[in-house]
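None of the values given here were measured: they were computed from a predicted structure. Just so it is clear: chains get the letters A, B, ... in the order the sequence lines come, proteins before strands, and each one is counted from 1.
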4 protein chains.
Amino acid sequence: MDKKQQILATALRMFVEYGFHGTATAKVAQEAGVANGTLFHHYKTKDELVLAIYVWIKDELEASLAAITHDSDFITPKFKTIFTATLHWALQNRGKFYYLRQFELSPHYANVPTGDNQTILDRLIAEGIRRKILRTHPAELILTLYNNHVFGLYQYITQADLEPNKQTAIISEGYEMIWGMLKYA
Amino acid sequence: MDKKQQILATALRMFVEYGFHGTATAKVAQEAGVANGTLFHHYKTKDELVLAIYVWIKDELEASLAAITHDSDFITPKFKTIFTATLHWALQNRGKFYYLRQFELSPHYANVPTGDNQTILDRLIAEGIRRKILRTHPAELILTLYNNHVFGLYQYITQADLEPNKQTAIISEGYEMIWGMLKYA
Amino acid sequence: MDKKQQILATALRMFVEYGFHGTATAKVAQEAGVANGTLFHHYKTKDELVLAIYVWIKDELEASLAAITHDSDFITPKFKTIFTATLHWALQNRGKFYYLRQFELSPHYANVPTGDNQTILDRLIAEGIRRKILRTHPAELILTLYNNHVFGLYQYITQADLEPNKQTAIISEGYEMIWGMLKYA
Amino acid sequence: MDKKQQILATALRMFVEYGFHGTATAKVAQEAGVANGTLFHHYKTKDELVLAIYVWIKDELEASLAAITHDSDFITPKFKTIFTATLHWALQNRGKFYYLRQFELSPHYANVPTGDNQTILDRLIAEGIRRKILRTHPAELILTLYNNHVFGLYQYITQADLEPNKQTAIISEGYEMIWGMLKYA
DNA sequence: CATGAATGAGTTTTCATTCAT
DNA sequence: GATGAATGAAAACTCATTCAT
């Protein structure tokens with residue numbers, strides 16, 4: 001398990017730094033301190049490794065959001081909690097958050113097995129629309145706009161290299177913006 | 001000249017379909033109907049080709065926006081005009097618009113020579129902030145949020161494969177959203 | 001013992017289907033339902049496995065011929081019996097017979113330990129020549145022509161996919177041919 | 001062209017000595033005095049190279065037989081001429097002849113494009129059967145037995161390492177044998 | 001301007017074999 | 001005996017780039 005996890009972490013770091021194609025599997029193995037063949041013993045192909053990292057990060061973010069919300073929470077504050085927590089997580093896990101975007105905009109995204117596993121956010125949006133707390137738009141549209149807004153803020157904050165308190169202020173502003181944009185009436 | 005343009009167009013199509021690394025220069029040359037060496041006769045390196053396509057598309061979009069606006073326009077309607085025109089252009093030039101995103105999120109973006117050539121949108125936002133028509137935020141933040149919103153709408157419309165009239169309706173809605181989000185007070 | 005035999009049988013099948021080099025030991029182990037290391041526990045190298053299969057089949061064919069002949073038989077009918085039995089055995093054990101050829105034409109053949117263990121056929125030919133029932137040619141020549149004739153018939157019958165009665169007829173014809181070719185005067 | 005032919009000749013020699021799988025393309029390129037990539041510039045895959053060699057040899061043998069026969073020849077002497085010439089060619093081009101067998105018994109044989117290009121021998125056998133000069137068997141059977149007989153003689157002569165005059169004598173004997181076996185009545 | 005043969009470093013992947021448990 | 005994770009040396013193949021014509 002140790003080596004497997006070591007490969008995962010090293011690959012993540014290198015993929016973020018050099019891109020998928022810019023990172024040779026041999027280099028990953030070397031930096032992870034394992035033999036070339038060991039990487040392929042655990043992940044049959046490079047694509048499989050790329051996907052495994054995505055699932056790992058996705059699960060981790062989801063778990064971190066699950067830890068601070070409850071099904072019984074009211075929708076409006078829950079929305080704020082999730083938005084804020086996501087951005088803070090993103091800023092404390094920049095490599096991981098960047099990886100998610102990099103992956104989702106790449107052809108690799110097509111390899112994700114399509115289960116019906118809805119995320120907390122998926123369910124929240126669906127319920128918010130149904131209860132007329134969010135605008136009556138297709139959930140898919142709301143989700144897409146939300147994600148792009150979150151990524152936009154992340155992009156700005158990281159590129160402008162803001163101080164922590166400024167970061168919190170912007171996140172707060174950003175929340176007001178998206179809420180004003182998506183809330184019902 | 002013919003061959004040069006042929007290479008450009010073919011490369012654009014293939015880069016969008018297979019990605020930068022997934023597209024071999026030899027394949028581009030072949031599909032463009034020119035010899036391997038001809039491609040390198042016009043563009044010294046693959047990176048140079050990738051950049052040339054970006055500049056070409058960027059200029060084309062800018063020219064198309066320039067054709068429908070004037071420096072003397074009022075800011076508020078001009079903002080709407082540009083937003084709407086950009087999205088329509090994106091939907092009629094999907095490959096080109098997608099290329100812009102692909103390029104800007106890639107390490108290639110660092111190769112763009114940093115001139116002070118501001119776009120129409122850059123100038124509009126700067127002036128909007130100065131005149132307190134747009135929120136008093138850093139121009140960079142406003143621009144980032146704007147761009148991500150535009151791309152989010154583009155993503156939704158293309159993935160949902162909407163009919164033309166639905167497209168126009170969503171673009172109109174999308175405009176109201178971003179305007180509500182960015183306008184002063 | 002069970003596992004050892006299981007490995008042998010699985011390897012035979014796969015070597016015939018994919019060739020020696022085309023068959024990975026890991027795949028053999030997997031299909032045989034044993035662990036990777038178990039294969040190497042029983043056979044020190046892949047070459048050793050390849051050889052073991054050859055010896056196994058060779059012994060089986062020899063035993064099957066021994067069961068229907070006696071040292072005291074007359075040479076002429078014994079020749080016919082052996083020829084006919086060999087071909088029938090070959091057609092009922094196609095994989096095994098094909099393996100023998102595949103092995104003997106490969107560099108692996110050099111690994112067979114050279115004992116003086118003569119086969120029934122070897123002894124029969126030697127005696128036939130000595131007693132002037134077979135042509136006075138080097139035994140090696142007669143054996144080679146015999147083997148190629150047998151394989152030729154096998155090739156034709158399997159490729160033409162003949163019905164059982166046709167098979168018997170061809171084998172009979174084939175016997176007349178080789179006998180006419182090799183018998184004395 | 002020079003390099004292409006150089007690759008072909010080198011690969012032939014190495015495939016005969018080490019087998020298809022035992023010969024690395026990198027080694028072929030090295031021995032042929034060309035770069036690794038050059039080999040793949042001329043032959044897209046190793047399989048394509050293997051096939052190209054087969055076609056080359058096959059054509060060469062066919063041309064050599066065509067040079068000493070005429071369509072108007074009588075069948076019986078033509079048969080002898082071809083048989084004898086084939087064996088002499090085989091003994092003077094041992095690598096090439098061995099390659100043909102090696103190839104035809106391998107899975108590569110399935111890659112040969114199935115045209116209707118009949119060889120001289122194919123046509124001769126078909127006509128011999130029709131005119132009742134050869135036994136009334138399926139042409140395929142006659143051809144298979146013929147080929148195996150030729151290869152058997154080749155095998156014996158090369159393994160016994162006979163002197164030239166002995167070779168000629170055995171070939172002559174071998175002709176009588178196959179003719180006795182295949183001629184009508 | 002245009003060509004396409006030639007290059008060789010680099011890539012992913014395979015695989016027989018070992019060894020600690 | 002049995003296991004399967006670990007190994008690392010190959011292997012086939014790719015590809016941006018050069019250059020003589």
For DNA chain E, find the residues of residues 31-40 of chain B with a heavy-atom distance under 4.0 Å and give them by number; none if there aren't any.
B:Val34, B:Ala35, B:Asn36, B:Gly37, B:Thr38

Using atom CD of A:Gln6 as one end and atom C1' of F:dA5 as the other, report the distance to the nearest whole Å.
16 Å

Filter on side-chain hydrogen bond (donor to acceptor under 3.5 Å, both in side chains), then keep only pairs touching residues 12-33 of chain D, sequence neighbours left out; what's left?
D:Arg13-D:Glu31

Which whole-number value in Å describes the distance from A:Ile7 CD1 to F:dA5 C1'?
11 Å

Pairing residues for A:Lys46 by the salt bridge (charged side-chain N to carboxylate O under 4.0 Å, His left out) criterion, not counting sequence neighbours
none

Taken to the nearest 0.5 Å, the spacing of D:Asn147 CG from C:Phe151 CZ works out to 12.0 Å

In this structure, how many angstroms lie between the P atom of E:dT14 and the CD atom of C:Gln30, rounded?
13 Å

When you measure from the side-chain N and O atoms of B:His41 to the phosphate of E:dC1, is any distance below 4.0 Å, counting only OP1 and OP2?
no

Partners of B:Glu48 by salt bridge (charged side-chain N to carboxylate O under 4.0 Å, His left out), sequence neighbours excluded?
none

Main-chain N/O of C:Gln6 paired with C:Thr10 side-chain donor or acceptor, under 3.5 Å
yes

With sequence neighbours left out, what residues match B:Phe97 under ring-ring contact (aromatic ring centres under 6.0 Å, His included)?
B:Tyr154

Give, ordered by number, those residues of residues 11-25 of chain B having at least one heavy-atom distance below 4.0 Å to an atom of DNA chain F; if nothing qualifies, reply none.
B:Thr23, B:Ala24, B:Thr25

May I have the distance from D:Lys3 (atom NZ) to F:dA20 (atom C1'), rounded to whole angstrom?
12 Å

If a stem is a run of at least 3 consecutive Watson-Crick or G-U pairs, both distances under 3.5 Å, which stems include DNA chain F?
E:2-21 with F:2-21

For C:Thr45 and A:Ala26, find the nucleotide of DNA chain E closest to each by heavy atoms; which residue's nucleotide sits nearer the 5' end?
A:Ala26

Is there a side-chain contact between D:Lys44 and the phosphate of F:dA12, meaning an N or O under 4.0 Å from OP1 or OP2?
no

Distance check needed: F:dA9 C1' versus D:Lys27 NZ, whole Å only.
11 Å

Just jot down the ring-ring contact (aromatic ring centres under 6.0 Å, His included) partners of D:His41, sequence neighbours excluded, or say none.
none

Nucleotide E:dA16, atom P - distance to OH of C:Tyr43 in whole Å
16 Å

Not counting sequence neighbours, list each pair that qualifies as a ring pair (Phe, Tyr, Trp, His ring centres under 6.0 Å) and has a residue in residues 45-64 of chain B.
B:Tyr54-B:Phe103

Protein-nucleotide distance (B:Glu48, atom CD; F:dA16, atom P), rounded to Å
15 Å

With D:Glu60, which residues qualify under salt bridge (charged side-chain N to carboxylate O under 4.0 Å, His left out), at least two apart?
D:Lys96

Listed partners of C:Thr119 passing side chain to side chain donor-acceptor pair (under 3.5 Å), at least two apart
C:Asp122

Over how many whole Å does the gap from A:Gln5 atom CD to F:dA5 atom P extend?
16 Å

Restricting to ring-ring contact (aromatic ring centres under 6.0 Å, His included), what partner residues turn up for B:Phe15, sequence neighbours left out?
B:Phe20

